[in-house]
Amino acid sequence: MSLLPAPLNPPITDWRGKTAWIVGASSGIGRAVALALLSRGARVAVSARNGDALESMAARHPGAAIVLPLDVRDGAAVRAAHGLLAAQGPIDFVLFCAGTYEALRADAFSLETMLAHQEINYCGALHVIDAVLPALLARGGGHLSLVGSVAGFRGLPQSLAYGPTKAALTNLAEVLYLDLSGHGVGVSLVQPGFVDTPLTAGNDFAMPALMTPEAAADAMLAGWARGAFEIHFPRRFTAWMKLLRVLPYRLYFPAVRRVTGL
Ligand SMILES: NC(=O)c1ccc[n+]([C@@H]2O[C@H](COP(=O)([O-])OP(=O)(O)OC[C@H]3O[C@@H](n4cnc5c(N)ncnc54)[C@H](OP(=O)(O)O)[C@@H]3O)[C@@H](O)[C@H]2O)c1
């Protein structure tokens with residue numbers, strides 16, 4: 001008898017013959033996950049706005065990669081892309097990895113920037129969930145994974161527009177898990193630390209434990225193979241962030257000020 005606790009989701013260890021839809025696949029983490037799944041024998045549909053980037057990735061995987069360009073802010077476009085893919089057969093795995101990040105502080109508050117983050121990072125996820133959920137529920141299977149961020153754990157400086165969208169995604173994923181796991185639908189939440197992608201390229205501060213998108217993709221595949229709900233990495237960084245998460249505010253605020261110098 002195994003002493004390990006039972007996995008929270010059905011583990012995904014064999015990607016051969018599976019169909020995955022990666023939304024936010026034109027660069028960074030989503031692109032690395034798409035390539036990793038293709039190399040493991042999955043059929044992978046890739047979505048984002050930059051159709052040229054998606055096409056050039058797909059050209060190296062003829063027959064296995066399907067290009068579905070879209071803007072996640074456009075619910076009708078997301079539903080149409082889902083319809084095209086679903087017409088070819090069941091979708092086993094959906095990753096919402098689209099996201100935008102701009103540093104923002106309250107003394108430069110911009111409603112436009114706040115809403116832009118909400119529309120892509122949070123409402124974009126809702127559009128994808130709206131499109132895929134009926135088929136996942138009808139089938140009683142499949143897996144939905146959302147990419148959050150450690151920036152959603154608690155309030156952080158520069159994270160006025162970004163952090164709240166990631167906190168919302170965290171809560172959303174938790175509720176989805178509670179509602180869907182009993183229906184046979186897997187739900188997971190990916191909480192990366194710093195990953196070297198176009199999203200973080202503009203950061204003007206040292207990013208602790210910065211990792212490559214390929215290493216992030218490896219950690220994500222390992223998490224899905226474990227049947228984990230929360231997949232956070234790199235652990236040497238996220239362990240500290242988890243500790244900060246449970247500190248009382250009286251200790252948390254000065255600790256963050258001291259660590260970030262902001
Ligand atoms: N890099 C990090 O350190 C880090 C840490 C924690 C969490 N994350 C999260 O990881 C996810 C991937 O980010 P990344 O670091 O890999 O950055 P990235 O390379 O900039 O990737 C972002 C992806 O989202 C897509 N996207 C953005 N706006 C979109 C829209 N309106 N419609 C459709 N697709 C859109 C982009 O494609 P197009 O521009 O072609 O549309 C791109 O494929 C994001 O959710 C991010 O918040 C990243």
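Keep in mind that this is a model prediction, so the values were computed, not measured. Order of appearance sets the numbers: ligands from 1, and atoms from 1 within every ligand.
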Quiz prompt | Region of Gln191 engaging ligand 1 - heavy atom pairs below 4.0 Å | solution = neither
Exercise. Give yes or no for whether the N/O distance cutoff of 3.5 Å, strictly under, is met between Val195 and ligand 1.
Key: yes
Quiz item: In the protein, which heavy atom is nearest to atom 30 (C) of ligand 1, and how far is it?
Solution: Arg49 NE, 3.4 Å
Quiz item: What protein heavy atom is closest to atom 18 (P) of ligand 1, reported as residue, atom name and distance in Å?
Solution: Ser27 OG, 3.4 Å
Practice problem: Could you tell me the residue and atom name of the protein heavy atom closest to atom 17 (O) of ligand 1, and the distance to it rounded to 0.1 Å? | Solution: Leu199 CB, 3.2 Å
Quiz item: Do any nitrogen or oxygen atoms of Ser149 lie less than 3.5 angstrom from nitrogen or oxygen atoms of ligand 1?
Solution: no
Practice problem: Return yes if some donor-acceptor pair links the side-chain N/O of Ser159 with the main-chain N/O of Gly155 below 3.5 Å, else return no. | Solution: no
Quiz prompt | ligand 1 atoms in contact with Ser26 (distance to a heavy atom under 4.0 Å) | solution = 36 (C), 37 (O), 38 (P), 40 (O), 42 (C), 43 (O)
Exercise. Note the single closest protein heavy atom to atom 32 (N) of ligand 1, along with its residue, its atom name and the distance in Å.
Key: Val72 N, 2.9 Å
Exercise. Work out which heavy atom in Ile231 is nearest to a heavy atom in Ala219; give both atom names and the distance.
Key: CG2-O, 3.6 Å
Quiz item: Leu247 and Ala255: which non-hydrogen atoms are nearest, and at how many Å?
Solution: CD1-CB, 4.4 Å
Self-check item: Gln158 side, atom CD; Glu102 side, atom CD - distance, nearest 0.5 Å
Solution: 11.0 Å
Quiz item: Heavy atoms only: which of Pro213, Gly99, Ala217, Gly193 is nearest to atom 22 (C) of ligand 1?
Solution: Gly99
Quiz prompt | In one Ile/Leu/Val/Met/Phe/Trp/Tyr side-chain cluster, 4.5 Å: Val175, Val187 | solution = no
Quiz prompt | Atom pair NE2/CD1 of His61 and Ile66 - distance to nearest 0.5 Å | solution = 13.0 Å
Practice problem: Determine whether more than 12 heavy atoms belonging to other residues, nucleotides or ligands lie under 6.0 Å from atom CZ of Arg257. | Solution: no
Quiz item: Which atom names give the shortest non-hydrogen contact between Leu156 and Ala151, and what distance separates them?
Solution: CD1-CA, 3.9 Å
Exercise. Just do the side chain to side chain contact (heavy atoms under 4.5 Å, CB included) check on Leu172 and Leu126 with the steps written out, would you?
Key: CA-CA 9 Å; Leu172 179 70; Leu126 298 186; 3.9 Å; yes
Quiz item: With a cut-off of 4.0 Å, which atoms of ligand 1 are near a heavy atom of Gly28?
Solution: 16 (O), 19 (O)
Practice problem: Heavy-atom contacts with Leu70 under 4.0 Å: which atoms of ligand 1 show up? List them by number with element. | Solution: 32 (N), 33 (C)
Quiz item: Quick one: which ligand 1 atoms are inside 4.0 Å of a heavy atom on Ala48?
Solution: 33 (C), 34 (N), 37 (O), 38 (P), 40 (O), 41 (O), 43 (O)
Exercise. Measure the distance from atom 12 (C) of ligand 1 to every protein heavy atom, then report the residue, atom name and distance (to 0.1 Å) of the closest one.
Key: Cys97 O, 3.2 Å
Quiz prompt | Side chain, backbone, both or neither: the part of Thr197 lying under 4.0 Å from ligand 1 by heavy atom | solution = side chain
Quiz item: Can you tell me how far the CZ atom of Phe93 sits from the CG atom of Leu144, to the nearest 0.5 Å?
Solution: 8.5 Å
Practice problem: Report the distance from atom OG1 of Thr100 to atom CD of Gln118, rounding to the nearest 0.5 Å. | Solution: 13.5 Å
Quiz prompt | Protein residue, atom and distance nearest to atom 26 (N) of ligand 1, heavy-atom basis | solution = Ala98 CB, 3.9 Å
Exercise. Run the numbers for me: atoms of ligand 1, each under 4.0 Å from some heavy atom of Val147, listed by number.
Key: 9 (C), 10 (O), 11 (C)
Quiz item: For atom 46 (C) of ligand 1, which of Tyr101, Tyr162, Phe233 has the closest heavy atom?
Solution: Tyr162
Self-check item: Test: Arg258 cationic atom under 6.0 Å from Phe253 six-membered ring centre, within 45° of axis
Solution: no
Quiz item: In terms of atom number and element, which parts of ligand 1 are under 4.0 angstrom from non-hydrogen atoms of Lys166?
Solution: 44 (C), 45 (O), 46 (C), 47 (O)
Quiz item: Atom OG1 in Thr165, atom CE in Met114: separation rounded to 0.5 Å?
Solution: 9.0 Å
Quiz item: Quick one: does Gly30 get an N or O within less than 3.5 Å of an N or O on ligand 1?
Solution: no
Self-check item: Phe237 and Phe194 aromatic ring geometry - parallel, tilted or perpendicular at 30°/60° bounds
Solution: tilted
Quiz item: Counting from 1, what ligand 1 atoms have a heavy atom of Gly148 closer than 4.0 Å?
Solution: 7 (C), 9 (C)
Self-check item: Any N/O pair Val150/ligand 1 closer than 3.5 Å
Solution: no
Quiz item: How far does CG of Leu85 sit from CZ of Arg43, to the nearest 0.5 angstrom?
Solution: 6.0 Å
Practice problem: Give the contacting part of Ile29 toward ligand 1: side chain, backbone, both or neither, where contact means a heavy-atom distance below 4.0 Å. | Solution: both
Quiz item: When you look for heavy atoms under 4.0 Å from ligand 1, do you find them on the side chain of Ala25, its backbone, both, or neither?
Solution: backbone
Quiz prompt | Numbered atoms of ligand 1 (with element) below 4.0 Å of Phe194, judged on heavy atoms | solution = 3 (O)
Quiz prompt | Region of Thr200 engaging ligand 1 - heavy atom pairs below 4.0 Å | solution = side chain
Practice problem: Measure the distance from atom 31 (N) of ligand 1 to every protein heavy atom, then report the residue, atom name and distance (to 0.1 Å) of the closest one. | Solution: Asp71 OD1, 2.9 Å
Quiz prompt | Co-membership, hydrophobic cluster, residues Leu210 and Val150, 4.5 Å side-chain | solution = yes
Quiz item: What part of Arg73, side chain, backbone, both or neither, has a heavy atom within less than 4.0 angstrom of ligand 1?
Solution: side chain
